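Computed from a predicted model, the values in this text were never measured in an experiment. Both counts, for ligands and for their atoms, begin at 1 and track the order of listing. Sequence positions, counted from 1, serve as the residue numbers for this chain.
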Amino acid sequence: MAMRWSCWRRGCSWRPTAVGSPRPERPGCAEPLGTRAASDTRAQIPYFSLMKILMSASPNMHSISQFHQRTPAMCCCRQTQSGEKYSDPFKLGWRDLKGLYEDIRKELHISTRELKDMSEYYFDGKGKAFRPIIVVLMARACNIHHNNVREMQASQRSIALVAEMIHTATLVHDDVIDDASSRRGKHTVNKIWGEKKAVLAGDLILSAASVALARIGNTAVVSMLAQVIEDLVRGEFLQLGSKENENERFAHYLEKTFKKTASLIANSCKAVSVLGCPDPVVHEIAYQYGKNVGIAFQLIDDVLDFTSCSDQMGKPTSADLKLGIATGPVLFACQQFPEMNAMIMRRFSLPGDVDRARQYVLQSDGVQQTTYLAQQYCHKAVREIRKLRPSTERDALIQLSESVLTRDK
Ligand code: GRG
(Lines give C-alpha, C1' and ligand atoms only; values in the text may rest on other atoms or scores of the structure.)
Protein backbone atom coordinates (compact mmCIF):
# COMPACT_ATOMS: atom_id res chain seq x y z
CA MET A 1 0.00 0.00 0.00
CA ALA A 2 2.69 2.44 1.03
CA MET A 3 4.60 1.60 -2.15
CA ARG A 4 1.57 2.47 -4.24
CA TRP A 5 1.11 5.75 -2.44
CA SER A 6 4.73 6.72 -2.95
CA CYS A 7 4.28 6.57 -6.72
CA TRP A 8 1.98 9.61 -6.35
CA ARG A 9 4.92 11.77 -5.40
CA ARG A 10 6.24 12.72 -8.79
CA GLY A 11 7.43 16.31 -8.83
CA CYS A 12 5.28 18.28 -11.27
CA SER A 13 4.01 21.79 -11.51
CA TRP A 14 2.07 22.64 -14.64
CA ARG A 15 1.37 26.14 -15.84
CA PRO A 16 -0.42 27.34 -18.93
CA THR A 17 2.11 27.63 -21.74
CA ALA A 18 3.42 31.16 -22.20
CA VAL A 19 2.23 33.15 -25.21
CA GLY A 20 4.33 32.32 -28.25
CA SER A 21 6.07 29.32 -26.73
CA PRO A 22 6.77 26.50 -29.20
CA ARG A 23 3.96 24.00 -29.66
CA PRO A 24 3.44 20.88 -31.73
CA GLU A 25 1.59 20.95 -35.01
CA ARG A 26 -2.20 20.89 -35.24
CA PRO A 27 -3.69 17.67 -36.49
CA GLY A 28 -4.30 17.73 -40.22
CA CYS A 29 -2.89 21.26 -40.50
CA ALA A 30 0.55 22.43 -41.61
CA GLU A 31 0.45 25.60 -39.54
CA PRO A 32 2.22 25.05 -36.20
CA LEU A 33 0.15 25.86 -33.16
CA GLY A 34 2.78 28.27 -31.88
CA THR A 35 2.37 30.47 -34.98
CA ARG A 36 -1.36 30.63 -34.51
CA ALA A 37 -1.29 31.32 -30.79
CA ALA A 38 1.39 33.98 -31.06
CA SER A 39 -0.14 35.82 -33.98
CA ASP A 40 -3.82 35.43 -33.15
CA THR A 41 -4.68 37.01 -29.83
CA ARG A 42 -8.12 35.37 -29.98
CA ALA A 43 -6.33 32.14 -29.15
CA GLN A 44 -5.24 33.59 -25.79
CA ILE A 45 -8.10 35.86 -24.75
CA PRO A 46 -10.60 33.07 -24.13
CA TYR A 47 -8.25 31.52 -21.57
CA PHE A 48 -8.41 34.60 -19.38
CA SER A 49 -12.13 35.11 -19.79
CA LEU A 50 -12.50 31.44 -19.03
CA MET A 51 -10.48 31.81 -15.84
CA LYS A 52 -12.83 34.65 -14.86
CA ILE A 53 -15.75 32.30 -15.28
CA LEU A 54 -14.01 29.58 -13.30
CA MET A 55 -13.15 32.00 -10.52
CA SER A 56 -16.74 33.18 -10.30
CA ALA A 57 -17.81 29.54 -10.18
CA SER A 58 -15.56 29.34 -7.08
CA PRO A 59 -16.02 32.74 -5.46
CA ASN A 60 -13.52 32.04 -2.67
CA MET A 61 -10.67 31.63 -5.12
CA HIS A 62 -7.84 34.15 -5.01
CA SER A 63 -6.60 35.97 -8.07
CA ILE A 64 -4.64 34.13 -10.74
CA SER A 65 -1.54 36.27 -10.11
CA GLN A 66 -1.47 35.05 -6.52
CA PHE A 67 -1.37 31.47 -7.73
CA HIS A 68 1.48 32.26 -10.06
CA GLN A 69 3.46 33.43 -7.06
CA ARG A 70 2.43 30.65 -4.74
CA THR A 71 2.59 27.58 -6.93
CA PRO A 72 6.32 26.80 -6.74
CA ALA A 73 6.47 27.38 -3.00
CA MET A 74 3.62 25.01 -2.32
CA CYS A 75 4.67 22.24 -4.65
CA CYS A 76 8.21 22.08 -3.31
CA CYS A 77 7.15 22.18 0.33
CA ARG A 78 8.44 19.21 2.27
CA GLN A 79 8.51 20.68 5.76
CA THR A 80 5.77 20.33 8.29
CA GLN A 81 4.53 23.29 10.28
CA SER A 82 3.71 21.14 13.29
CA GLY A 83 7.44 20.71 13.75
CA GLU A 84 7.06 16.92 13.70
CA LYS A 85 8.89 14.61 11.38
CA TYR A 86 7.60 14.50 7.80
CA SER A 87 4.88 11.89 7.56
CA ASP A 88 3.52 9.98 4.61
CA PRO A 89 -0.24 10.70 4.66
CA PHE A 90 -1.04 7.19 3.55
CA LYS A 91 1.05 5.54 6.29
CA LEU A 92 -0.28 7.91 8.91
CA GLY A 93 -3.91 7.42 7.86
CA TRP A 94 -3.58 3.69 7.44
CA ARG A 95 -2.79 3.26 11.16
CA ASP A 96 -6.49 3.93 11.82
CA LEU A 97 -7.68 1.89 8.89
CA LYS A 98 -6.21 -1.52 9.65
CA GLY A 99 -8.92 -4.08 9.02
CA LEU A 100 -10.93 -1.57 6.90
CA TYR A 101 -11.98 -4.11 4.28
CA GLU A 102 -12.69 -6.89 6.78
CA ASP A 103 -14.89 -4.43 8.69
CA ILE A 104 -16.70 -3.42 5.51
CA ARG A 105 -17.27 -7.07 4.61
CA LYS A 106 -18.82 -7.58 8.06
CA GLU A 107 -21.20 -4.68 7.35
CA LEU A 108 -22.45 -6.43 4.23
CA HIS A 109 -24.00 -9.37 6.16
CA ILE A 110 -24.89 -11.49 3.14
CA SER A 111 -25.80 -15.14 3.21
CA THR A 112 -26.39 -15.71 -0.52
CA ARG A 113 -23.06 -16.82 -2.06
CA GLU A 114 -23.32 -15.01 -5.39
CA LEU A 115 -24.53 -11.70 -3.93
CA LYS A 116 -21.76 -11.91 -1.34
CA ASP A 117 -19.08 -12.48 -3.99
CA MET A 118 -20.36 -9.57 -6.07
CA SER A 119 -20.70 -7.15 -3.19
CA GLU A 120 -17.29 -7.96 -1.74
CA TYR A 121 -15.58 -7.93 -5.13
CA TYR A 122 -14.06 -4.43 -4.87
CA PHE A 123 -13.26 -4.57 -1.14
CA ASP A 124 -10.02 -6.33 -1.96
CA GLY A 125 -7.48 -3.66 -1.01
CA LYS A 126 -6.75 -2.81 -4.64
CA GLY A 127 -8.26 0.68 -4.56
CA LYS A 128 -6.31 3.70 -3.33
CA ALA A 129 -8.55 4.15 -0.26
CA PHE A 130 -8.20 7.88 -0.88
CA ARG A 131 -11.49 8.77 0.83
CA PRO A 132 -10.98 6.77 4.06
CA ILE A 133 -7.46 8.19 4.37
CA ILE A 134 -8.68 11.79 4.09
CA VAL A 135 -11.49 11.08 6.54
CA VAL A 136 -9.31 9.64 9.32
CA LEU A 137 -6.68 12.35 8.92
CA MET A 138 -9.37 15.03 9.05
CA ALA A 139 -10.94 13.41 12.13
CA ARG A 140 -7.66 13.52 14.03
CA ALA A 141 -6.78 17.02 12.80
CA CYS A 142 -10.16 18.32 14.04
CA ASN A 143 -9.92 16.47 17.36
CA ILE A 144 -6.48 17.94 18.00
CA HIS A 145 -7.68 21.38 16.98
CA HIS A 146 -10.66 21.16 19.32
CA ASN A 147 -9.22 19.77 22.53
CA ASN A 148 -5.73 18.54 21.74
CA VAL A 149 -6.95 14.94 21.82
CA ARG A 150 -5.34 12.90 19.09
CA GLU A 151 -7.52 9.78 19.44
CA MET A 152 -10.20 9.12 16.89
CA GLN A 153 -13.75 8.19 17.91
CA ALA A 154 -15.29 4.92 16.69
CA SER A 155 -18.06 6.95 15.01
CA GLN A 156 -15.46 8.89 13.02
CA ARG A 157 -13.85 5.68 11.81
CA SER A 158 -17.31 4.47 10.76
CA ILE A 159 -17.56 7.50 8.44
CA ALA A 160 -14.37 6.27 6.71
CA LEU A 161 -16.06 2.90 6.10
CA VAL A 162 -19.31 4.48 4.94
CA ALA A 163 -17.45 6.82 2.54
CA GLU A 164 -15.58 3.90 0.96
CA MET A 165 -18.80 1.88 0.70
CA ILE A 166 -20.71 4.72 -0.99
CA HIS A 167 -17.76 5.25 -3.33
CA THR A 168 -17.67 1.55 -4.22
CA ALA A 169 -21.42 1.39 -4.83
CA THR A 170 -21.06 4.29 -7.29
CA LEU A 171 -18.22 2.51 -9.11
CA VAL A 172 -20.40 -0.58 -9.56
CA HIS A 173 -23.32 1.50 -10.87
CA ASP A 174 -21.09 3.71 -12.98
CA ASP A 175 -19.63 0.69 -14.76
CA VAL A 176 -23.15 -0.46 -15.62
CA ILE A 177 -24.07 2.97 -17.02
CA ASP A 178 -20.83 3.13 -19.02
CA ASP A 179 -20.90 -0.54 -20.00
CA ALA A 180 -17.31 -0.72 -18.72
CA SER A 181 -15.34 -3.97 -18.90
CA SER A 182 -12.37 -3.31 -16.64
CA ARG A 183 -11.57 -1.42 -13.45
CA ARG A 184 -8.57 -1.64 -11.14
CA GLY A 185 -6.99 -4.06 -13.60
CA LYS A 186 -9.76 -6.64 -13.39
CA HIS A 187 -13.14 -7.32 -14.97
CA THR A 188 -16.04 -5.20 -13.76
CA VAL A 189 -18.94 -6.65 -11.78
CA ASN A 190 -21.29 -6.13 -14.75
CA LYS A 191 -18.87 -7.91 -17.06
CA ILE A 192 -18.75 -10.99 -14.81
CA TRP A 193 -22.28 -11.19 -13.42
CA GLY A 194 -24.28 -9.07 -15.87
CA GLU A 195 -25.90 -5.66 -15.59
CA LYS A 196 -29.01 -6.56 -13.64
CA LYS A 197 -27.12 -8.29 -10.85
CA ALA A 198 -24.48 -5.52 -10.81
CA VAL A 199 -27.17 -2.88 -10.19
CA LEU A 200 -28.48 -4.95 -7.29
CA ALA A 201 -24.99 -5.45 -5.84
CA GLY A 202 -24.44 -1.66 -5.94
CA ASP A 203 -27.81 -1.17 -4.21
CA LEU A 204 -26.85 -3.68 -1.56
CA ILE A 205 -23.55 -1.94 -0.77
CA LEU A 206 -25.39 1.38 -0.60
CA SER A 207 -28.02 0.00 1.76
CA ALA A 208 -25.36 -1.54 4.04
CA ALA A 209 -23.61 1.86 4.09
CA SER A 210 -26.91 3.48 5.10
CA VAL A 211 -27.39 1.03 7.96
CA ALA A 212 -23.84 1.67 9.24
CA LEU A 213 -24.46 5.41 8.94
CA ALA A 214 -27.75 5.27 10.84
CA ARG A 215 -26.03 3.30 13.63
CA ILE A 216 -23.83 6.33 14.32
CA GLY A 217 -27.05 7.97 15.51
CA ASN A 218 -26.35 11.56 14.51
CA THR A 219 -29.10 12.99 12.30
CA ALA A 220 -26.99 15.92 11.05
CA VAL A 221 -24.35 13.47 9.85
CA VAL A 222 -27.01 11.23 8.27
CA SER A 223 -28.38 14.16 6.26
CA MET A 224 -24.88 15.14 5.08
CA LEU A 225 -24.27 11.69 3.63
CA ALA A 226 -27.83 11.52 2.25
CA GLN A 227 -27.06 14.77 0.42
CA VAL A 228 -23.99 13.05 -1.05
CA ILE A 229 -26.16 10.30 -2.54
CA GLU A 230 -28.46 12.89 -4.10
CA ASP A 231 -25.44 14.78 -5.47
CA LEU A 232 -23.96 11.60 -6.94
CA VAL A 233 -27.16 10.87 -8.84
CA ARG A 234 -27.55 14.47 -10.00
CA GLY A 235 -23.88 14.60 -11.01
CA GLU A 236 -24.20 11.47 -13.08
CA PHE A 237 -27.36 12.87 -14.61
CA LEU A 238 -25.62 16.15 -15.52
CA GLN A 239 -22.99 14.08 -17.31
CA LEU A 240 -25.66 12.67 -19.61
CA GLY A 241 -26.43 16.16 -20.97
CA SER A 242 -24.37 18.78 -22.83
CA LYS A 243 -24.47 22.57 -23.11
CA GLU A 244 -24.23 24.51 -26.36
CA ASN A 245 -22.93 27.73 -24.84
CA GLU A 246 -19.21 27.57 -23.94
CA ASN A 247 -19.53 29.48 -20.66
CA GLU A 248 -22.43 27.35 -19.55
CA ARG A 249 -20.39 24.30 -20.52
CA PHE A 250 -17.68 25.11 -17.98
CA ALA A 251 -20.15 25.89 -15.21
CA HIS A 252 -21.93 22.62 -16.04
CA TYR A 253 -18.61 20.73 -15.96
CA LEU A 254 -17.61 22.15 -12.56
CA GLU A 255 -21.04 21.49 -11.08
CA LYS A 256 -20.88 17.91 -12.32
CA THR A 257 -17.36 17.56 -10.94
CA PHE A 258 -18.44 18.72 -7.51
CA LYS A 259 -21.50 16.48 -7.42
CA LYS A 260 -19.90 13.35 -8.87
CA THR A 261 -16.72 13.41 -6.84
CA ALA A 262 -16.18 16.29 -4.42
CA SER A 263 -19.45 16.16 -2.51
CA LEU A 264 -18.61 12.76 -0.98
CA ILE A 265 -15.18 13.95 0.15
CA ALA A 266 -16.46 17.34 1.39
CA ASN A 267 -19.39 15.94 3.35
CA SER A 268 -17.40 13.02 4.82
CA CYS A 269 -14.78 15.51 6.04
CA LYS A 270 -17.53 17.69 7.49
CA ALA A 271 -19.20 14.68 9.14
CA VAL A 272 -16.07 13.72 11.11
CA SER A 273 -15.54 17.35 12.11
CA VAL A 274 -19.12 17.50 13.45
CA LEU A 275 -18.55 14.27 15.40
CA GLY A 276 -15.30 15.58 16.89
CA CYS A 277 -15.84 19.27 17.50
CA PRO A 278 -18.87 21.55 18.11
CA ASP A 279 -17.45 24.63 16.32
CA PRO A 280 -19.23 25.44 13.00
CA VAL A 281 -16.11 27.29 11.83
CA VAL A 282 -14.20 24.00 11.96
CA HIS A 283 -17.03 22.22 10.12
CA GLU A 284 -16.75 24.76 7.30
CA ILE A 285 -12.96 24.39 7.14
CA ALA A 286 -13.33 20.60 6.87
CA TYR A 287 -16.01 20.93 4.19
CA GLN A 288 -14.04 23.46 2.13
CA TYR A 289 -10.87 21.38 2.33
CA GLY A 290 -12.73 18.26 1.15
CA LYS A 291 -14.59 20.12 -1.57
CA ASN A 292 -11.49 21.71 -3.06
CA VAL A 293 -9.36 18.57 -2.87
CA GLY A 294 -12.26 16.60 -4.34
CA ILE A 295 -12.63 18.90 -7.33
CA ALA A 296 -8.85 18.81 -7.90
CA PHE A 297 -8.93 15.00 -7.64
CA GLN A 298 -11.56 14.74 -10.40
CA LEU A 299 -9.80 17.31 -12.61
CA ILE A 300 -6.63 15.21 -12.41
CA ASP A 301 -8.68 12.09 -13.08
CA ASP A 302 -9.86 13.78 -16.27
CA VAL A 303 -6.26 14.65 -17.18
CA LEU A 304 -5.09 11.07 -16.56
CA ASP A 305 -7.73 9.85 -18.99
CA PHE A 306 -5.56 11.55 -21.65
CA THR A 307 -2.05 11.20 -20.29
CA SER A 308 -1.89 7.83 -18.55
CA CYS A 309 -1.82 4.38 -20.08
CA SER A 310 -4.45 1.70 -19.53
CA ASP A 311 -2.05 -0.55 -17.61
CA GLN A 312 -1.32 2.20 -15.13
CA MET A 313 -4.98 3.13 -14.64
CA GLY A 314 -6.29 -0.44 -14.61
CA LYS A 315 -9.03 0.67 -17.04
CA PRO A 316 -9.11 1.89 -20.66
CA THR A 317 -8.02 5.49 -21.25
CA SER A 318 -9.75 8.07 -23.50
CA ALA A 319 -12.82 6.54 -21.90
CA ASP A 320 -14.58 9.87 -21.48
CA LEU A 321 -14.33 10.75 -25.18
CA LYS A 322 -15.58 7.30 -26.13
CA LEU A 323 -18.58 7.91 -23.87
CA GLY A 324 -19.18 11.29 -25.52
CA ILE A 325 -18.12 13.25 -22.44
CA ALA A 326 -16.16 16.52 -22.78
CA THR A 327 -14.02 17.01 -19.67
CA GLY A 328 -11.63 19.84 -18.69
CA PRO A 329 -8.83 19.05 -21.17
CA VAL A 330 -11.34 19.02 -24.06
CA LEU A 331 -13.08 22.21 -22.95
CA PHE A 332 -9.76 24.05 -22.68
CA ALA A 333 -8.55 22.62 -26.00
CA CYS A 334 -11.75 23.89 -27.60
CA GLN A 335 -10.69 27.44 -26.67
CA GLN A 336 -7.69 26.98 -28.96
CA PHE A 337 -9.45 24.88 -31.59
CA PRO A 338 -13.04 26.11 -31.97
CA GLU A 339 -13.51 23.43 -34.63
CA MET A 340 -13.87 21.01 -31.70
CA ASN A 341 -17.25 22.59 -30.86
CA ALA A 342 -19.13 20.53 -33.38
CA MET A 343 -17.53 17.33 -32.10
CA ILE A 344 -18.46 18.19 -28.51
CA MET A 345 -22.05 18.90 -29.54
CA ARG A 346 -22.40 15.57 -31.35
CA ARG A 347 -20.65 13.85 -28.38
CA PHE A 348 -17.78 12.56 -30.56
CA SER A 349 -20.20 10.23 -32.31
CA LEU A 350 -18.86 10.33 -35.90
CA PRO A 351 -16.17 7.86 -36.97
CA GLY A 352 -12.74 9.36 -36.22
CA ASP A 353 -14.09 11.98 -33.76
CA VAL A 354 -12.53 10.33 -30.71
CA ASP A 355 -9.08 10.09 -32.28
CA ARG A 356 -9.19 13.61 -33.68
CA ALA A 357 -10.40 15.11 -30.42
CA ARG A 358 -7.65 13.27 -28.56
CA GLN A 359 -5.04 14.69 -30.95
CA TYR A 360 -6.39 18.21 -30.51
CA VAL A 361 -6.26 17.85 -26.74
CA LEU A 362 -2.72 16.50 -26.70
CA GLN A 363 -1.52 19.26 -29.02
CA SER A 364 -3.28 22.02 -27.10
CA ASP A 365 -2.70 23.37 -23.60
CA GLY A 366 -5.81 21.56 -22.37
CA VAL A 367 -3.95 19.13 -20.13
CA GLN A 368 -1.72 21.84 -18.64
CA GLN A 369 -4.60 24.22 -18.08
CA THR A 370 -6.74 21.59 -16.40
CA THR A 371 -3.80 20.67 -14.19
CA TYR A 372 -3.25 24.34 -13.43
CA LEU A 373 -6.90 24.68 -12.45
CA ALA A 374 -6.53 21.63 -10.19
CA GLN A 375 -3.53 23.33 -8.57
CA GLN A 376 -5.67 26.33 -7.78
CA TYR A 377 -8.27 24.17 -6.06
CA CYS A 378 -5.48 22.50 -4.08
CA HIS A 379 -4.12 25.89 -3.03
CA LYS A 380 -7.54 26.78 -1.72
CA ALA A 381 -7.73 23.46 0.17
CA VAL A 382 -4.33 24.12 1.75
CA ARG A 383 -5.32 27.64 2.77
CA GLU A 384 -8.41 26.21 4.47
CA ILE A 385 -6.71 23.41 6.38
CA ARG A 386 -3.93 25.73 7.56
CA LYS A 387 -6.58 27.46 9.67
CA LEU A 388 -6.54 24.43 12.00
CA ARG A 389 -4.05 24.16 14.85
CA PRO A 390 -0.75 22.62 13.63
CA SER A 391 -0.57 18.83 13.87
CA THR A 392 1.04 15.94 12.02
CA GLU A 393 -2.38 15.05 10.64
CA ARG A 394 -3.00 18.59 9.39
CA ASP A 395 0.38 18.51 7.64
CA ALA A 396 -0.45 15.12 6.17
CA LEU A 397 -3.65 16.63 4.72
CA ILE A 398 -1.56 19.38 3.14
CA GLN A 399 0.77 16.73 1.73
CA LEU A 400 -2.21 14.70 0.53
CA SER A 401 -3.60 17.63 -1.45
CA GLU A 402 -0.24 18.02 -3.18
CA SER A 403 -0.18 14.31 -3.99
CA VAL A 404 -3.49 14.71 -5.80
CA LEU A 405 -1.70 16.87 -8.36
CA THR A 406 1.18 14.49 -8.97
CA ARG A 407 -0.62 11.15 -8.86
CA ASP A 408 -0.28 8.92 -11.88
CA LYS A 409 -3.17 6.50 -11.25
C1 GRG B 1 -25.55 6.64 -5.33
C2 GRG B 1 -24.82 4.26 -5.87
C3 GRG B 1 -25.09 5.63 -6.33
C4 GRG B 1 -24.90 5.94 -7.64
C5 GRG B 1 -25.09 7.31 -8.15
C6 GRG B 1 -23.29 6.02 -10.91
C7 GRG B 1 -23.48 7.25 -10.11
C8 GRG B 1 -24.85 7.54 -9.63
C9 GRG B 1 -22.44 8.10 -9.85
C10 GRG B 1 -21.06 7.86 -10.34
C11 GRG B 1 -20.04 8.59 -9.52
C12 GRG B 1 -18.64 8.25 -9.92
C13 GRG B 1 -18.26 6.87 -10.29
C14 GRG B 1 -17.71 9.23 -9.91
C15 GRG B 1 -16.26 9.00 -10.26
C16 GRG B 1 -15.41 9.34 -9.10
C17 GRG B 1 -13.99 8.87 -9.28
C18 GRG B 1 -12.94 9.87 -9.57
C19 GRG B 1 -13.70 7.57 -9.16
C20 GRG B 1 -12.34 7.04 -9.14
O21 GRG B 1 -11.91 7.12 -7.80
P22 GRG B 1 -10.53 6.49 -7.33
O23 GRG B 1 -9.44 6.86 -8.30
O24 GRG B 1 -10.82 4.94 -7.47
O25 GRG B 1 -10.30 6.85 -5.91
P26 GRG B 1 -10.19 3.73 -6.66
O27 GRG B 1 -10.25 2.59 -7.64
O28 GRG B 1 -8.77 4.06 -6.27
O29 GRG B 1 -11.07 3.53 -5.47
Quick test: of every protein heavy atom, which one is nearest to atom 9 (C) of ligand 1, and how far off is it to 0.1 Å? Glu236 OE1, 3.5 Å
Between Lys322 and Asp178 (salt bridge meaning N to carboxylate O under 4.0 Å), is one present in this structure? no
of all protein heavy atoms, closest to atom 14 (C) of ligand 1 is Lys260 CE, 3.2 Å
Protein heavy-atom partner closest to atom 16 (C) of ligand 1 - residue, atom, separation in Å: Thr261 OG1, 3.5 Å
Taking atom 2 (C) of ligand 1 as the reference point, the nearest protein heavy atom with its distance: His173 ND1, 3.4 Å
Looking only at non-hydrogen atoms, find the nearest pair between Ser119 and Leu115 and report the distance. OG-O, 2.6 Å
Atom 22 (P) of ligand 1: the protein heavy-atom neighbour that sits closest, reported with distance to 0.1 Å: Lys128 NZ, 3.4 Å
Ring centres under 6.0 Å, that's the criterion: do Phe332 and Phe250 meet it? yes
Decide yes or no on side-chain hydrogen bond (donor to acceptor under 3.5 Å, both in side chains) for Gln298 and Asp302, but give the supporting numbers first. CA-CA 6 Å; Gln298 183 61 56; Asp302 296 342; 2.8 Å; yes
Within-cut-off N or O pair, Gln298 and ligand 1, under 3.5 Å: no
In this structure, does ligand 1 have an atom that sits under 4.0 Å from one of the heavy atoms of Tyr122? no
Looking only at protein heavy atoms, what sits closest to atom 24 (O) of ligand 1 is His167 NE2, 3.6 Å
Could you identify the single nearest non-hydrogen protein atom to atom 27 (O) of ligand 1 and state the distance to 0.1 Å? Arg184 NE, 2.8 Å
Side chain to side chain contact (heavy atoms under 4.5 Å, CB included) partner of Ile344, the single match among Val330, Asp353, Ile325: Val330
For ligand 1, is there an atom lying under 4.0 Å from some heavy atom of Lys409? no
Salt bridge or not between Arg358 and Asp355? Use side-chain N to carboxylate O under 4.0 Å. no
I need the nearest protein heavy-atom contact for atom 21 (O) of ligand 1: residue, atom name and distance, please. Arg131 NH2, 3.2 Å
Out of curiosity, is Lys126 lining ligand 1, as in a heavy atom under 4.0 Å away? no
